[in-house]
Amino acid sequence: HSAHSEILPRPVLRSLLMKQAALETPPGEEVPTLEDTVEVEVYVLPPSGGDEEPDQPDLTFDQVVDAPMLWDPIRFSETCPSSDGACAMVLGDEATGDAADGPVAWVHGTAMRSEANNFPGRDEVNPQASRDCAVDVFSQAGITDPRSEIDAVEMYVPFSWYEPMWLESLGFAEPDRGWRMVEDGSTDIDGGDLPVNCSGGVLSSNPIGASGMIRFAEAALQVRGMAGDHQVDGARRAFGHAYGGGAQYFAMWVVGADKP
């Protein structure tokens, strides 16, 4: 085979990872169904707030289930769009933050990790680089229980199933509990104890190249109280997450309304 023939299209690779995640459900536990996969994020996904216009139309549960199958089990409506857009952030030192007239998003921790894309035994559902990066950034921020100490999460979710996968990998959920958090409403902006991607996330708008940075910016907007219609009430600490490549490059930060 040529090198090109061995490269899987992204939807194919993602579908394989979704199936692998389902296969890793512990014996005797309930296995997530198609409906659980859909409920992960798409049909409850809010439109992007502020000036970011969503590229995905509002969807109902039935519309997602009836959408064309892209690559089993991924349906067309469970995938991110290709969008135009940009993002810019202004970073300053401590003195700049102290002198700011308006609310500031103080950086409590930043971390980056990477790993090779292909090696024997690599866990692509729960990459080591993802776990190590999360442990590092939470340690810097003095966080020991991410689920109870983070008020809002902006994570990179290009396909619906990635939300429960990352919830587990990042330490917000125990193994096999990520999809259950989504199903029971724990990640909803209304009533959830860990609101996730209240901006609509990558599934709503995906200006490739800026999508990861937007997750960081949205986290900062939350703790500044400037997230508009998708503001989480009382958000004091937020988590921003981006990844790239074959789920091998990771960047994360924790920002807070209070100076560390």
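Below, each value reflects all heavy atoms present in this structure, side chains not excepted, and no hydrogens, waters or symmetry copies.
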* Given side-chain contact (heavy atoms from CB on, under 4.5 Å), test S199 with E154 step by step and report yes or no. => CA-CA 8 Å; S199 66; E154 278 287 332; 2.9 Å; yes
* Apply side-chain contact (heavy atoms from CB on, under 4.5 Å) to M155 and N197, showing your working. => CA-CA 6 Å; M155 68 171 64; N197 289 347; 3.9 Å; yes
* Between the side chain of D151 and the main-chain N/O of R237, is any donor-acceptor distance below 3.5 Å? -> yes
* Test item: E94 and K259 side chains (from C-beta on) under 4.5 Å apart, heavy atoms -> yes
* **Close side-chain approach of L167 and L194, heavy atoms under 4.5 Å** => yes
* Asked: So do V202 and R215 actually touch side chain to side chain, heavy atoms under 4.5 Å?
  -> yes
* Asked: Is the number of heavy atoms from other residues, nucleotides or ligands within 6.0 Å of CG (D66) greater than 12?
  -> yes
* Atom of V255, atom of A105 and distance for their closest heavy-atom approach -> CB-CB, 4.3 Å
* **Approximate separation, where rounding is to 0.5 Å, of M181 CE and D188 CG** => 10.5 Å
* T187 and E163: side chain to side chain donor-acceptor pair (under 3.5 Å), yes or no, with the steps? -> CA-CA 10 Å; T187 60; E163 182 178 325; 3.2 Å; yes
* Apply side chain to side chain donor-acceptor pair (under 3.5 Å) to S139 and D136, showing your working. => CA-CA 5 Å; S139 176; D136 187 6; 5.7 Å; no
* Determine which pairs satisfy ring-ring contact (aromatic ring centres under 6.0 Å, His included) with at least one residue from residues 84-140, sequence neighbours left out, and list them in order. => F138-F172, F138-F239
* To do: Taking all heavy atoms of G85 and all of A210, pick out the closest pair and write down the distance.
  => O-CB, 4.5 Å
* Structure fact -> Note: A242 and G212 closest approach over all heavy atoms is CB-CA, 3.6 Å
* Contact summary for E115 and P127, nearest pair of heavy atoms -> OE2-CB, 3.8 Å
* What do the steps show when you test R147 against D193 for side-chain contact (heavy atoms from CB on, under 4.5 Å), and what is the final call? -> CA-CA 8 Å; R147 181 168 178 177; D193 67 281; 2.7 Å; yes
* Exercise: do S169 and N126 side chains pair donor with acceptor under 3.5 Å -> yes
* Taking the side chain from D184 and the backbone from S186, do they hold a donor-acceptor pair closer than 3.5 Å? -> yes
* Main-chain N/O of F250 paired with R113 side-chain donor or acceptor, under 3.5 Å -> no
* Looking only at heavy atoms, what is the nearest atom pair of S160 and P164, with distance? -> O-CD, 3.8 Å
* **Value rounded to 0.5 Å, distance of OG in S130 from CD in E168** => 11.0 Å
* Distance from D229 atom CG to C198 atom SG, nearest 0.5 Å? -> 12.0 Å
* **Exercise: identify the closest heavy-atom pair between A219 and A238** => O-CB, 3.5 Å
* Asked: Is V232 linked to V223 within one hydrophobic cluster, defined over Ile, Leu, Val, Met, Phe, Trp and Tyr using a side-chain heavy-atom separation of less than 4.5 Å?
  -> no
* Asked: Rounded to the nearest 0.5 Å, how far apart are CH2 of W161 and CD1 of I74?
  -> 11.0 Å
* Got a donor-acceptor contact below 3.5 angstrom from the R122 side chain to the N117 backbone? -> yes
* Asked: Do any pairs count as a ring-ring contact (aromatic ring centres under 6.0 Å, His included) and have a residue in residues 189-220, sequence neighbours left out, and if so which ones?
  -> F216-W253
* Distance-only, no hydrogens or angles: does the H241 side chain make a donor-acceptor pair with backbone N or O of M252 under 3.5 Å? -> no
* **Q128 vs D123 side-chain heavy atoms within contact, under 4.5 Å** => no
* Test item: S114 side-chain N/O and Y249 main-chain N/O as donor-acceptor pair under 3.5 Å -> no
* Structure fact -> The ring-ring contact (aromatic ring centres under 6.0 Å, His included) partner of W166 among Y156, W179, F159, Y243 is Y243
* To do: Check whether any side-chain heavy atom of Q222 lies under 4.5 Å from a side-chain heavy atom of H230, and answer yes or no.
  => yes
* State plainly whether one hydrophobic cluster holds both I214 and M89, where clusters connect Ile, Leu, Val, Met, Phe, Trp and Tyr through side-chain heavy atoms under 4.5 angstrom apart. => no
* To do: Spell out, as yes or no, whether a donor-acceptor pair under 3.5 Å connects the side chain of T79 to the backbone of F76.
  => yes
